[in-house]
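Here's the structure we're looking at; comments come further down.
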Amino acid sequence: MHLPLRLPGAVLAALLLAGCNLSVGNTTGTGAPQGAFGDDREKVEMLSAAVGGKNVFLPGTVVLTAGTGRVLSLFNTTGEPHGFAIPALGVQEVLPAGEEFAVELPALVAGQIHEIRCHLHPSHRGAALVVLAGE
């Protein structure tokens, strides 16, 4: 039985706002989609910000395709340093207050969801890095 691909409204809105080319075409006889997620950006921008008294990463979900050559451009909008870590990928950096900081990601493998968190302040809200297969 084939069930149609359904994305929660917030995820779909985030993908569209991020300018992602999301295309899912007709299905083959096996029920697998013919189209795939397309994303050729080399640099993705994120913010570390205080919203409603809570420190958060924006966007809260980053969706990329598998492969290499990806950079996260992180801008810390707050007045103090914050951590940025993706433990499963061995990424751990300190974001200087009020500055932009680039983090080069290691090779990304499709089908994985990685936790993004502030390793300096465990109470801060985290984010997620979702890695999809490319076209």
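- Shown here for Pro59 and Ala127, the closest heavy-atom pair between the two residues is O-CB, 4.2 Å.
- With values rounded to the nearest 0.5 angstrom, Leu72 atom CG is found 10.5 Å from Glu45 atom CD.
- Closest non-hydrogen pair, Ala97 versus Gly79, comes out as CB-C, 3.4 Å.
- In this structure, Thr77 contributes its side chain and Ser48 its backbone to a donor-acceptor pair below 3.5 Å.
- You'll find the ring centres of Phe84 and Phe57 inside the 6.0 Å limit.
- Leu74 is not connected to Val94 by any chain of hydrophobic side-chain contacts under 4.5 Å among Ile, Leu, Val, Met, Phe, Trp and Tyr, and they are in different clusters.
- Here the straight-line distance linking atom NE2 of His82 with atom CG of Leu120 works out to 8.5 Å at 0.5 Å rounding.
- For the pair Asn76 (side chain) and Leu95 (backbone), a donor-acceptor distance under 3.5 Å is present.
- The NE2 atom of His121 lies 4.5 Å from the CD atom of Glu80; values are rounded to the nearest 0.5 Å.
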(message) Using the rule given for side-chain contact (heavy atoms from CB on, under 4.5 Å), can you reason through Val91 versus Val103, listing the C-alpha separation, both sets of side-chain angles and the distance that settles it, and then say yes or no?
(response) CA-CA 8 Å; Val91 173; Val103 174; 3.6 Å; yes
(request) Kindly indicate, with the supporting measurements, whether the criterion side-chain contact (heavy atoms from CB on, under 4.5 Å) is fulfilled by Met46 and Ser73. (result) CA-CA 6 Å; Met46 291 185 76; Ser73 173; over 6 Å; no
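- With rounding to the nearest 0.5 angstrom, the CD atom of Glu93 is 8.0 Å from the NE2 atom of His119.
- Residues His114 and Gln112 have side chains that bring a donor and an acceptor to within less than 3.5 angstrom of each other.
- Rounded to the nearest 0.5 Å, atoms CG (Leu105) and OG1 (Thr68) are 10.5 Å apart.
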(message) Quick one, Thr78 with Asn55, criterion side-chain contact (heavy atoms from CB on, under 4.5 Å). Give me CA distance, side-chain angles, the key distance, then yes/no.
(response) CA-CA 9 Å; Thr78 71; Asn55 284 344; 4.2 Å; yes
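- Hydrophobic clustering places Leu129 together with Phe101 (ILVMFWY residues linked when any side-chain heavy atoms are closer than 4.5 Å, directly or through intermediates).
- A distance of 4.5 Å separates CD1 in Ile116 from CD1 in Ile86, rounded to the nearest 0.5 Å.
- Counting heavy atoms from C-beta on, the side chains of Val130 and Thr61 come closer than 4.5 Å.
- Taking both residues in full, the closest heavy atoms of Pro87 and Glu115 are given as CD-O, 3.5 Å, listed atom of the first, atom of the second, then distance.
- Taking 4.5 Å as the limit, every side-chain heavy atom of Val131 sits out of range of all side-chain heavy atoms of Val109.
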